[in-house]
Amino acid sequence: MKRSVRMIEPLQVKMIHTAVATLRLSDEDYRTILLGHYKKKSCKELTYFEASRLIDYFKSLGFIIPRRKEYTAGTSSRQDFRNIPRKDLPDNVVLMPSREQLDMIDALAGQIVWKVEDGFSRWLKKYIKIDRVKTADEASDTIEGLKGLLAHQG
């Protein structure tokens, strides 16, 4: 039985075109990369994995993937990934906090003057209602809470 090949997704096409524009590649350079690496004339002919490798190649050239934000009337300026559905991830998948998020939490907690030695862990338990940060969502909430606390303290 022959397995079907997963083709490129519309989000990947958009990401590739964004990368080409951001890196200021000419159409000729872009087509040369497609032909040289994948023997394809258009990115829409790529498979899902070829598109992922092409995006990784653009990242090695300096392309930074923009954050996915969705602003609507009444939405706060801080918007994270919770409200944006990700069709790639099943409902039971939990995103772990990134190293940058954990470093930010450590930096912010270090700037705050705690009245007791275990002030951060007490604050985390009382206001964020967790014992320790285990998910990206908890990390995001903790960072925003610490920012507010630091602003209030200063």
Side-chain angles (χ1 to χ4, degrees), residues 3-25 29-30 33-34 37-38 43-44 46-154:
R3 290 177 59 177
S4 64
V5 177
R6 185 176 176 188
M7 293 308 290
I8 191 169
E9 293 185 354
L11 183 61
Q12 288 177 306
V13 173
K14 186 176 180 182
M15 189 72 61
I16 289 169
H17 290 147
T18 303
V20 169
T22 304
L23 294 171
R24 295 184 176 145
L25 295 174
D29 291 340
Y30 165 61
I33 291 169
L34 282 177
H37 288 259
Y38 306 103
C43 71
K44 292 180 182 177
L46 296 172
T47 65
Y48 178 84
F49 296 107
E50 288 172 336
S52 292
R53 285 196 298 268
L54 181 60
I55 292 168
D56 288 340
Y57 174 71
F58 287 147
K59 287 181 355 188
S60 74
L61 295 177
F63 173 63
I64 299 171
I65 296 176
R67 288 193 65 181
R68 290 174 40 178
K69 293 186 179 185
E70 186 175 284
Y71 293 105
T72 58
T75 307
S76 66
S77 61
R78 181 185 75 90
Q79 179 85 23
D80 57 12
F81 297 107
R82 282 182 287 202
N83 299 330
I84 301 171
R86 299 271 315 212
K87 63 181 173 185
D88 306 1
L89 299 177
D91 293 337
N92 63 345
V93 174
V94 176
L95 296 175
M96 302 299 290
S98 68
R99 171 58 36 209
E100 290 82 15
Q101 285 178 312
L102 296 174
D103 290 344
M104 176 69 82
I105 290 170
D106 288 342
L108 289 170
Q111 292 177 12
I112 294 172
V113 179
W114 302 101
K115 294 184 180 182
V116 291
E117 187 176 324
D118 62 341
F120 173 68
S121 60
R122 288 184 183 190
W123 176 86
L124 198 61
K125 188 174 255 182
K126 182 175 181 179
Y127 293 101
I128 308 298
K129 311 242 185 296
I130 56 174
D131 292 322
R132 65 186 183 93
V133 176
K134 295 176 264 187
T135 68
D137 288 342
E138 291 173 350
S140 179
D141 292 341
T142 303
I143 289 169
E144 292 307 312
L146 288 171
K147 284 180 182 177
L149 186 60
L150 189 61
H152 185 277
Q153 210 174 48

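Excluded from the calculations below are hydrogen atoms, water molecules and symmetry mates; all remaining heavy atoms, backbone and side chain alike, are included.
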Side-chain donor-acceptor contact under 3.5 Å, S140 with Q101: no
Residues in side-chain contact (heavy atoms from CB on, under 4.5 Å) contact with M104, at least two apart in sequence or another chain: L108, I143
Where L124 and R132 come nearest, the two heavy atoms and their spacing: CD2-CA, 3.9 Å
Spatial distance of atom CD1 (I55) from atom CG (L11) [nearest 0.5 Å]: 7.5 Å
Intermediate values then yes/no, side-chain contact (heavy atoms from CB on, under 4.5 Å), L46 and L34: CA-CA 9 Å; L46 296 172; L34 282 177; 4.0 Å; yes
Short side-chain to backbone donor-acceptor contact, Y57 and I33, under 3.5 Å: no
Between CH2 on residue W123 and OG1 on residue T142, distance to nearest 0.5 Å: 5.5 Å
side-chain contact (heavy atoms from CB on, under 4.5 Å) assessment of W114 paired with R122: CA-CA 10 Å; W114 302 101; R122 288 184 183 190; over 6 Å; no
Pair M15-F58, side-chain contact (heavy atoms from CB on, under 4.5 Å): steps then yes or no: CA-CA 10 Å; M15 189 72 61; F58 287 147; over 6 Å; no
Plane angle bin for Y30 and H17 - parallel if under 30°, tilted between 30 and 60°, otherwise perpendicular: perpendicular
Verdict with supporting geometry, F120 and D106, side-chain contact (heavy atoms from CB on, under 4.5 Å): CA-CA 10 Å; F120 173 68; D106 288 342; over 6 Å; no
CD-CD1 distance between E138 and I105, expressed to the nearest 0.5 angstrom: 9.5 Å
Where A109 and L146 come nearest, the two heavy atoms and their spacing: N-CD1, 4.2 Å
Side-chain heavy-atom pair L23, D29 within 4.5 angstrom cut-off: no
Atom pair CG (D131) and NZ (K125), whose distance is rounded to the nearest 0.5 Å: 4.5 Å
Neighbour count above 12 (heavy atom, 6.0 Å) for Q153 CD: yes
K59 with D56: basic N within carboxylate O range, under 4.0 Å: yes
